[in-house]
Amino acid sequence: MPLVAAVVLKAAVLTQLAGHPLLAPDAGLDTTAYVQLARQVLDGHPGLGPGLYYVSPFYIYFLAAILGVSHSFLAVRIVQVAMGTAAVGLVCLLARQWFGERAALAAGVLAAFTGLFTFYEVLILQSSVDVFFTAAALWCVALGVSSRDRAGVRLLPIFGAGLLWGVETLNRPNVLLAAVALAVVMWIALRRIKFPLALAAGLLLGMAPVAIRNVVVTREWTLVSSHGGLNFYIGNNADATGFYRPVPGVRPAIVGQEIDTRRLATEALGHPATDAEVSSYFFQLAWTWIRAHPLDAALLFAKKFAFAFHAAHLALPLSYAFFAYDTPGWLRFLFVGPWLLVPLGITGAVWRLARSPTPDAGFEVSRPGFVIWLSFVPLYGAAVAFFFVADRYRLPLLVPLCVCAGGGLDLGIEAARQRDVRRLAYATAALAAAFIVVNWPTRWLDDGRWTDGLRTAERLVIAQRDDEAERWAAWLDTHNPPHAGAGQLGVAQQWMALQQYQRALPYLQRAERADPAEPHAQYALGQALLKLGRAPDALVHLQRGFEAGIELPGGGDDYAQALVDTGDLAGAAAALRRIHPAASADAEVWLRLGRLAMEARVPDVAEPFFRQAVAMQPEAAAARQQYGLALLVLDRFEDAARELGAAARVNPADADTLSRLAYAEYRLGRLDDARRHARATLAIDPNDRLARELTAAMANRAK
């Protein structure tokens, strides 16, 4: 019955959520990164070089294998749902192994109605297979250690558990820490080394393909991917909260993981950092803080360990709470979650440890075996706390707790049937205490519902579904927005990203009316008006946002542009002197600021902007040319000749670059070089005025 219920419920959720705009393969975040990498594999690049993987690698190939056969993301989701259904069956088997038939039925029903399991199974995301691998590995452990005597422990299932966990490590790296620690527990409990060695051998074999790939492709000895150091640092630094928090200078997306981390490590190390060095750099940052603040680190670890078992939903990158409670569908009826599984699972586990079953109890009685198996719960909780806590990282933890929760229900049923008031009272008291702790209110935590509502609205804008986007904007403004009008502003900014400023304008005007003091809304309204050719109207809004001291797109260059467009060149120059782009700004931002400074007739302000653009794109002819022109205006002819010469080498057919180079050389007295470049200019453009004047001047000097 639990398997039938699981299939029906999972199929219903899959049908309803598969078409959600936020769950599409191109919706961004981790999903899109995995899809792109899987397609590279299918396009004939299975090694995905030249660097280390910047995401967990198993799911890349899992996705590629199914897409290669079916060419369908629906097929991927169906396979994942099938694996999830198999996991429900394994939960039943585990509960029967440790608690008996009645507990198996209860655990299966709980697993079928666990919303987190089903939700992640319908996503194109690596977490979709974690529950299956965890359940399968724990089943192998149970087979290996549940015998009545130590001599009966079987090596093959233990090896199988290690193999499954090794593969899962390539998908969920936290598992490695828990599996290794469980091998130590096994050694202590059984006092035999061959069983933990069998587990370790399976682990190594499961992880071997990626380790071999890393050696072949990158020449670096490392087991998995390159983002472990960043995740460790996110969870262990002076500003860490125990949950995901963006790292300054690293964009909160896969591109940040791949590019920004390398930039930061390269700047800190003073040489181009390899992928392994990038990860090591962030590990070292975290360990440096831990060693300097051991008490703070210990308290933070305790907080993370506690929240690994808490009922609060912690979104990354998607909010389960949003899809369960704010999106119509069957998921809201899958009511089982950590709020129930943790207290009930703990109660069941304690009861199983305290009870001395009779030979006819209907389940295995090896207490050392159960201790080994159950140790996965605290060990994996610690593995999560070693980094930081999020819903998807906790999924493996819920599998054994679901098994034990079935045992907890069985305890209550058995005590009630036997009218054992004392045992029932103890169990109820323990359950109530655990329930209160696990469900203690945490209203200060963000469950991601508003953020995912905004992302949904943004995806609807991209799909040009304006009416639906407008309804979501209204929803956002009535569901705990960070400030009044935030939903209107968020939707408007997506229209602006599509350069549809006229469609963004009504949203921006509503956002301004909702909170006239909000500087982001003021600045965005000014941006839209500026793009619509209404610079005088835009100026006051841009100024309010600029003077608020907030981080602005382009550092606030639209304000300087509005000042230039309205003829206030002195004001534009003053504004440009105050602009400092973000560390993640690309070369085009610096070039735009340099051009604006030249329009404002302050080449001394333009020079550092162009210099930074050239440093970021040394092979870009346009950047070199514009930097050289600014240097010419500043009468820095030697530097100008250097930059213009570099631009000419990259693009020797640009007449403007050649004529300005000739002028710089003329002023430096390098007449032969100037003459050669002037002739080259006229060969490309016989009407170039500067080249003609230089040629005439040099001819006169020759007379």
Next on the checklist: Using the rule given for side-chain contact (heavy atoms from CB on, under 4.5 Å), can you reason through V55 versus Q126, listing the C-alpha separation, both sets of side-chain angles and the distance that settles it, and then say yes or no?
Outcome noted: CA-CA 9 Å; V55 294; Q126 87 271 31; over 6 Å; no
Next on the checklist: Using the rule given for side-chain hydrogen bond (donor to acceptor under 3.5 Å, both in side chains), can you reason through S127 versus R172, listing the C-alpha separation, both sets of side-chain angles and the distance that settles it, and then say yes or no?
Outcome noted: CA-CA 8 Å; S127 302; R172 175 63 55 224; 3.0 Å; yes
Next on the checklist: Determine whether L316 and Y393 satisfy the following criterion, side-chain contact (heavy atoms from CB on, under 4.5 Å), listing intermediate values before the conclusion.
Outcome noted: CA-CA 9 Å; L316 184 74; Y393 297 161; 3.5 Å; yes
Next on the checklist: For V247 and L230: C-alpha separation, side-chain torsions, deciding distance, then whether side-chain contact (heavy atoms from CB on, under 4.5 Å) applies.
Outcome noted: CA-CA 9 Å; V247 174; L230 177 65; 3.9 Å; yes
Checklist entry - side-chain contact (heavy atoms from CB on, under 4.5 Å) between Y53 and N214: does it pass, once the steps are laid out? => result CA-CA 9 Å; Y53 300 104; N214 287 341; 4.0 Å; yes
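Scored by the side-chain hydrogen bond (donor to acceptor under 3.5 Å, both in side chains) test, R263 finds no partners at all (sequence neighbours excluded). Partners of R601 under the salt bridge (charged side-chain N to carboxylate O under 4.0 Å, His left out) rule, at least two apart in sequence or in another chain, do not exist in this structure. With sequence neighbours left out, E599 forms a salt bridge (charged side-chain N to carboxylate O under 4.0 Å, His left out) with no residue at all. In this structure, D685 has no salt bridge (charged side-chain N to carboxylate O under 4.0 Å, His left out) partners at least two apart in sequence or on a different chain. Qualifying salt bridge (charged side-chain N to carboxylate O under 4.0 Å, His left out) partners for R592, counting only residues two or more places apart in sequence or in other chains: D557, D558. Partners of Q617 by side-chain contact (heavy atoms from CB on, under 4.5 Å), not counting sequence neighbours, listed by chain and number: A587, A620. Remark: E638 engages R670 in a side-chain hydrogen bond (donor to acceptor under 3.5 Å, both in side chains) (not counting sequence neighbours). Take D452 and apply the side-chain hydrogen bond (donor to acceptor under 3.5 Å, both in side chains) test, not counting sequence neighbours, and it matches R455. Qualifying side-chain hydrogen bond (donor to acceptor under 3.5 Å, both in side chains) partners for Q500, counting only residues two or more places apart in sequence or in other chains: R503.
Here the closest heavy-atom approach between residue R544 and residue P519 is recorded as O-CB, 4.5 Å. Nearest heavy atom pair, residue E619 against residue V650, reads O-CG1, 3.5 Å. For the pair G68 and L42, the tightest heavy-atom approach, listed with the atom from each and the gap, is CA-CD2, 3.7 Å. When all heavy atoms of L125 and Y59 are compared, the pair lying nearest together is N-OH, 3.3 Å. Minimum heavy-atom separation, P21 to L460: CG-CD2, 4.2 Å. Contact record, A469 with Y507: C-OH, 4.3 Å, taken as the closest heavy-atom pair.
You'll find the side chain of L23 stays beyond 4.5 Å of the side chain of T31, heavy atoms only. Side-chain atoms of F388 and Y244, non-hydrogen and from C-beta on, do get closer than 4.5 Å to each other. Two residues are said to be in side-chain contact when any heavy atoms from C-beta on lie closer than 4.5 Å; H677 and L644 fail this criterion. Residues D26 and R459 are in side-chain contact: their nearest non-hydrogen atoms beyond the backbone lie under 4.5 Å apart. Side-chain atoms of L170 and P57, non-hydrogen and from C-beta on, do get closer than 4.5 Å to each other. With contacts defined as side-chain heavy-atom distances shorter than 4.5 Å, the pair R392/P317 qualifies. Under the 4.5 Å side-chain criterion, counting only non-hydrogen atoms from C-beta, I124 is in contact with V76. E547 is listed as a side-chain neighbour of R578, based on a closest heavy-atom distance under 4.5 Å.
R679 and T695 share no side-chain donor-acceptor pair at under 3.5 Å.
The CD atom of E665 sits 7.0 Å away from atom CZ of R676, with the distance rounded to the nearest 0.5 Å. To the nearest 0.5 angstrom, Q625 atom CD is 11.0 Å from L661 atom CG. Here R245 contributes atom CZ and Y233 contributes atom OH; the two are 10.0 Å apart, rounded to the nearest 0.5 Å. Taken to the nearest 0.5 Å, the CG atom of L498 stands 10.0 Å off from the CD atom of E458.
Counting non-hydrogen atoms of other residues, nucleotides and ligands closer than 6.0 Å to CD of Q464 gives a total above 12. Annotation for R291: atom CZ counts as buried by contact number, over 12 foreign heavy atoms lying within 6.0 Å.
No donor-acceptor pair under 3.5 Å is formed between the side chain of T32 and the backbone N or O of L29. A distance-only check finds no donor-acceptor pair linking the side chain of R660 to the backbone of G628 [under 3.5 Å]. Between the S659 side chain and the A655 main chain, a donor and an acceptor come within less than 3.5 Å of each other. For the pair S70 (side chain) and I66 (backbone), a donor-acceptor distance under 3.5 Å is present. D586 contributes a side-chain N or O that, together with a main-chain N or O of V589, makes up a donor-acceptor pair within less than 3.5 Å. The main-chain N or O of W287 is never found under 3.5 Å from a side-chain atom of N236 such that the two would form a donor-acceptor pair. Looking at Y61, its side chain does come within 3.5 Å of a backbone N or O of P46 through a donor-acceptor pair. With hydrogens and angles ignored, the 3.5 Å screen pairs a side-chain donor or acceptor of R262 with a backbone N or O of A273.
Of the options E643, R611, Q626, a side-chain contact (heavy atoms from CB on, under 4.5 Å) to L631 is made by E643 and by none of the others.
Counting only residues at least two apart or in different chains, ring-ring contact (aromatic ring centres under 6.0 Å, His included) contacts with residues 526-565 comprise F546-Y559. The side-chain hydrogen bond (donor to acceptor under 3.5 Å, both in side chains) contacts involving residues 563-575 comprise Q561-D565, where partners must be two or more places apart or lie in separate chains. For residues 602-643, no residue pair satisfies the ring-ring contact (aromatic ring centres under 6.0 Å, His included) rule, not counting sequence neighbours.
A salt bridge links R636 and E607; the closest N-O separation between the charged side-chain nitrogens and carboxylate oxygens is under 4.0 Å. Under a 4.0 Å N-O distance rule, the pair D688/R692 does not qualify as a salt bridge. Comment: R624 does not engage D654 in a salt bridge, judged by the lack of any side-chain N to carboxylate O separation of less than 4.0 angstrom.
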